[in-house]
Protein chains: 2
Amino acid sequence: MRLVIARCSVDYSGRLSAHLPLATRLLMHKSDGSLLVHSDGGSYKPLNWMSPPCTLVREEPDEEATSVGVIERWRVTHGKSGDALLVSIYEVLHDSAHELGMDPGLQKDGVEADLQRLLAEQVGLIGEGVALVRREFPTAIGPVDLLVRDPAGGTIAVEVKRRGDIDGVEQLTRYLELLGRDPHLAPVRGVFAAQEIKPQARVLATDRGIRCLTLDYDEMKGIDSGAPRLF
Amino acid sequence: MRLVIARCSVDYSGRLSAHLPLATRLLMHKSDGSLLVHSDGGSYKPLNWMSPPCTLVREEPDEEATSVGVIERWRVTHGKSGDALLVSIYEVLHDSAHELGMDPGLQKDGVEADLQRLLAEQVGLIGEGVALVRREFPTAIGPVDLLVRDPAGGTIAVEVKRRGDIDGVEQLTRYLELLGRDPHLAPVRGVFAAQEIKPQARVLATDRGIRCLTLDYDEMKGIDSGAPRLF
DNA sequence: TATTGCATTTCGTGC
DNA sequence: GCACGAAGTGCAATA
C-alpha cells in the first residue's frame, strides 16, 4: 500500500462524471491497483475512487497542465467498463509505501441471518406451542423468513429484521395477502420480529393486525450457547 | 489526519459485534474523530470503522493484554448510540500526521436527476409530438418521474433510471395501475427510460406493454449545451 | 429535524 | 456467473 498526501485535483469519468477541485488529500493506492481519494472528514466513503481490478499509470503532464502547476499525473483505468480516474498532482507532501500482507478478514456476529437462525431454534418466543414449518418458505413473490404453525392449526408468517421499518411491514403484508389465499395454510397471521422496531412501523403493523415481537439478540444467543443442541 | 500502519486486532460492538484478528493494517484517524481500518485490498469500504461524531481515547493496555503483546489501545466511542471500537496495537510500523484542511467537495454530473431534467427538456425523444405535463407528478404512492401527453390525448408515465432494473419496471407498473384509474388521464401508457436496461427488465417491461427507451446521456447533454434555452 | 430514495453503492448468498 | 437482498449502509434533497 502506498500513501501519498498531495495537493491535487481529480476527474472521474465513467458511470457518471465527477470533478474534485484542487485541495490537499490522501491518495491511498492499494496493492490490488485500486485507488481511494480521502479528505480529512466525512464518513468512510472516499471522495472519489476506482475499484479493482484496475491499473494505475503514472503520466508526465502535458504542456498545458505543466503551465498551471501540475507536476505529475496518475491515470487509473478499469479495463472492462472504461471507467477512468485522472489525478493531477500539484505538490507531494508525503509519500510512503508499506507491506501489509493478506488480511484474515472480518468476523461478523449479529446480522439478520443470525437472528433468523436463533428465532427458528427458539420458536417458543413467537407463541406458546408453535412449531417451525420452515425457514425461507418460498412464495411467488419471494421467501418468507419463517413459517410456523400455531397449536390451533393456523399458520404464522414471521418477518425477521434487524431494524424493523415500515417497508418490512409492507413486505410482510404482501406475504400475508398471498399466503392467506392458500387453503392449506389459512388462516395466516403475521408476526414482525426485530431487534428494534420503529414507532411508525409498530403503528402500521398493529393497525393491520400484525403482532410485533422485539428480539433480544444477546439473550437469544445466551440461550443458544447455554443450551447446546443434543442432536 | 493521522496515518498509522500497525499490527493490530480490532473489536467492534454496537449494532452488531465484529472482530478482526491480528494483522497489519492502516489506521486512518480523521480530524473529525472518525477512524477507518483499511486492509491492502478490497473496495473502498474499510474492514471496520467508526463514523463521526465520535472520540478516540488512548488507553494503557491492562495486564492481560500486555502479556500477549499489546503495547497500546485505542478506544473509539460514538457518544449517542454506545457503539464502540477497540483497537489493540501490537506494533507500530509507521505513524505520521498531516494537515489537509477543508475539502471543496465533489461535483457530480450524470446522476438520475440530470437524466430526468434533460429528458424533460427533450420530450421529443419519448415520441413524436408529445408534450410535458410535469416532472415529479405526484401520486398517492409517490411521484412519477415524468408525465407527458401524447398528440392523441392519452397520457404517458415515464420512469427514469440510470440503470434500468426489474424493480424500476415494478415501480412504473404500480404507477400505471393507479394513474389508469383516473378518467382525466386515461388511457395511460408507460415508458421505461434508462441509460442501460437489463435484459430481464426489458423482457418484463415489454411483456406488460411498457416501452423501453435507452438514453444516451452524452448525446442528450450535447444537445442541451448546443441549444441553450432562450427563455 | 425526520423521511424518502438514490448510489461510481459494496457485499454476501443462492441459483 | 448473474440476479436478489441486506448493509454498522452513506448521502442529499425534501417536507
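Because the structure is a prediction, the values reported are computed rather than measured. Numbers restart at 1 for each chain; the letters A, B, ... are given by sequence-line order, proteins then strands.
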Going by an N to O cut-off under 4.0 Å, is there a salt bridge joining K161(A) and E159(A)? yes
Spacing of L204(A) atom CG relative to dT4(C) atom P, expressed in whole Å: 11 Å
Students often get this wrong, so: under 4.0 angstrom with heavy atoms, is L106(A) touching a base, only sugar-phosphate, or nothing? nothing
N/O contacts under 3.5 Å, protein versus nucleotides 10-15 of chain C?
residue : atom : partner : partner atom : Å
dT10(C) : OP1  : S51(A)  : OG           : 3.4

Aromatic plane relationship, H38(B) with H38(A) - under 30° parallel, 30 to 60° tilted, over 60° perpendicular: perpendicular
Between P of dA7(C) and CG of L47(A), the distance in whole Å: 18 Å
Kindly determine whether T173(B) and R208(B) satisfy side-chain hydrogen bond (donor to acceptor under 3.5 Å, both in side chains), including the steps that lead there. CA-CA 8 Å; T173(B) 303; R208(B) 292 183 176 171; 2.8 Å; yes
E112(B) has an atom CD; how far is it from atom P of dT4(C), in whole Å? 17 Å
Tell me the interatomic distance from E136(B), atom CD, to dT4(C), atom P, rounded to whole angstroms. 15 Å
Between atom CG in D167(A) and atom P in dA2(C), what is the gap in whole Å? 19 Å
Residue of the set V57(B), L56(B), L85(B), T55(B) for which side-chain contact (heavy atoms from CB on, under 4.5 Å) holds with T77(B): T55(B)
Could you check which of dA7(C), dA6(D), dC4(D) has an atom nearest any side-chain atom of K161(A)? dA6(D)
Hey, is D40(A) close enough to R25(A) for a salt bridge, meaning N to O under 4.0 Å? no
Rounding to a whole Å, what distance do you find between D165(B):CG and dG5(D):P? 10 Å
Is the phosphate of dA3(D), meaning OP1 or OP2, less than 4.0 Å from a side-chain N or O of Q200(B)? no
Once you round it to whole Å, what is the distance between P of dC11(D) and CD of Q107(B)? 17 Å
Mind checking if M50(B) touches a base, just sugar-phosphate, or nothing, with heavy atoms under 4.0 Å? base
side-chain hydrogen bond (donor to acceptor under 3.5 Å, both in side chains) assessment of D145(B) paired with Y175(B): CA-CA 10 Å; D145(B) 288 340; Y175(B) 290 139; over 6 Å; no
Atom OH of Y175(A) and atom C1' of dG5(D): how far apart are they, to the nearest Å? 10 Å
Is there a side-chain contact between Q171(B) and the phosphate of dG5(C), meaning an N or O under 4.0 Å from OP1 or OP2? no
Between R117(A) and E121(A), does any side-chain N to carboxylate O distance fall below 4.0 Å? yes
